[in-house]
Amino acid sequence: MIIDTLSHLLKDEAAYGEKVQRGLQFLRDTDFTGQAAGRHEVNDEMFYFINEYQTKDAGECFWEAHRVNLDLHYILEGTERIGYAAIEQLDVRDDYSAEKDAIFFTGAVESAVTAGPGALVVCYPQDGHMTGIEADKPEAVRKVVLKIKL
């Protein structure tokens with residue numbers, strides 16, 4: 001998992017593979033203002049979701065990981081905590097679904113980062129992640145989750 005800001009990651013693009021570089025450039029070059037929540041296609045290797053939700057207690061959230069797509073969570077508005085755990089530290093709740101490219105887990109949140117506007121969290125297949133956790137209080141979050149095929 002990588003936790004930083006888009007502006008910092010763009011300064012060091014050469015440190016990441018070509019696909020991640022293209023994803024960072026896409027996030028930099030796209031105006032998400034006014035885009036509707038839901039799925040948006042980019043090309044054969046990328047698509048994204050505009051997600052809008054209210055953060056909540058970690059007990060109401062869920063762990064997930066992916067096998068086919070890398071996740072870039074780019075916060076546009078609001079603040080949330082994002083839990084992290086290596087998938088080996090979690091218990092499988094629902095087996096992998098190829099249709100959803102997701103496997104769901106259970107487990108305690110032992111590590112989490114607080115992410116506000118401009119924050120970027122990159123989740124690799126080995127990174128279990130739990131999003132939507134309230135930081136100090138429930139808060140509305142609007143973010144882009146860019147999916148990049150590995």
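Between Lys147 and Asp71 there is a salt bridge, since a side-chain N of the basic residue sits under 4.0 Å from a carboxylate O of the acidic one. A salt bridge is defined here as a Lys NZ or Arg NE, NH1 or NH2 lying under 4.0 Å from an Asp or Glu carboxylate O, and Glu80 with Lys143 meets this definition.
The distance from the OG atom of Ser97 to the CZ atom of Arg67 is 10.0 Å, given to the nearest 0.5 Å. Between the OH atom of Tyr53 and the CG atom of Asn51 there is a distance of 6.0 Å, given to the nearest 0.5 Å. Within the model, atoms CZ of Phe105 and CZ of Phe62 stand 12.5 Å from one another, a figure rounded to the nearest 0.5 Å. Rounding to the nearest 0.5 angstrom, the gap separating the NZ atom in Lys100 from the CG atom in Asp94 is 8.0 Å. Taking CZ from Phe49 and CD from Gln35, the interatomic distance works out to 13.5 Å, rounded to the nearest 0.5 Å. If you take CD on Glu99 and CG on Asp101, they are separated by 11.0 Å, rounding to the nearest 0.5 Å.
Criterion: ILVMFWY side-chain heavy atoms under 4.5 Å apart, direct or through other members. Under it, Ile2 and Leu27 are part of a common hydrophobic cluster. The hydrophobic clustering, which links ILVMFWY residues whose side-chain heavy atoms are closer than 4.5 Å, places Tyr74 and Ile3 apart. Residues Ile50 and Ile75 do not share a hydrophobic cluster, clusters being chains of Ile/Leu/Val/Met/Phe/Trp/Tyr side chains in contact below 4.5 Å. Note on Leu24 and Leu76: same hydrophobic cluster, where clusters join Ile, Leu, Val, Met, Phe, Trp and Tyr whose side-chain heavy atoms are under 4.5 Å apart, directly or indirectly. Under the 4.5 Å side-chain heavy-atom criterion for ILVMFWY residues, no single connected hydrophobic cluster contains both Met130 and Val141.
When all heavy atoms of Ala58 and Val109 are compared, the pair lying nearest together is CB-CG2, 4.2 Å. The two atoms that bring Ile133 and Gly83 nearest to each other are CD1-N, 3.9 Å, heavy atoms only. Closest of all the heavy-atom pairs between Leu10 and Arg28 is CD1-CB, 3.6 Å.
Atom CG of Asp136 sits in a sparse spot, with 12 or fewer heavy atoms from other residues, nucleotides or ligands closer than 6.0 Å. Within 6.0 Å of CG in Asp29 there are more than 12 heavy atoms belonging to other residues, nucleotides or ligands. Within a 6.0 Å radius of NZ in Lys19, more than 12 heavy atoms belonging to other residues, nucleotides or ligands are found.
A donor-acceptor contact shorter than 3.5 Å is absent between the side chain of Trp63 and the backbone of Leu90. Side chain of Thr55 to main chain of Glu139: a donor-acceptor pair is present (N/O by atom type, distance under 3.5 Å, no hydrogens or angles). Put simply, the side chain of Lys56 never gets that close to the backbone of Pro138: no donor and acceptor are under 3.5 Å apart.
Within the 4.5 Å cutoff, side-chain heavy atoms of Phe47 are placed close to those of Asn69. Side chains of Met46 and Leu146 form a contact here, defined as non-hydrogen atoms less than 4.5 Å apart. Looking at heavy atoms from C-beta onward, Leu72 lies out of side-chain contact with Val145 at the 4.5 angstrom threshold.
Residues in residues 38-54 take part in these salt bridge (charged side-chain N to carboxylate O under 4.0 Å, His left out) pairs, two or more places apart or across chains: Arg22-Glu45, Arg39-Glu41, Glu52-Arg142.
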Donor-acceptor pairs under 3.5 Å, side chain of residues 110-128 to any protein atom, not counting sequence neighbours: which ones?
{"residue": "Asp127", "atom": "OD1", "partner": "Met1", "partner atom": "N", "Å": "3.4"}
{"residue": "Asp127", "atom": "OD2", "partner": "Met1", "partner atom": "N", "Å": "2.8"}
{"residue": "Asp127", "atom": "OD2", "partner": "Tyr124", "partner atom": "N", "Å": "2.8"}

Please lay out, stage by stage, how Ile103 and Asp95 fare under the test side chain to side chain contact (heavy atoms under 4.5 Å, CB included). CA-CA 6 Å; Ile103 183 169; Asp95 290 331; 5.5 Å; no
His73 and His129: CA distance, side-chain angles, deciding distance, side chain to side chain contact (heavy atoms under 4.5 Å, CB included) verdict: CA-CA 11 Å; His73 295 252; His129 50 284; 3.8 Å; yes
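Residues Phe26 and Tyr48 bring their aromatic ring centres within 6.0 Å.
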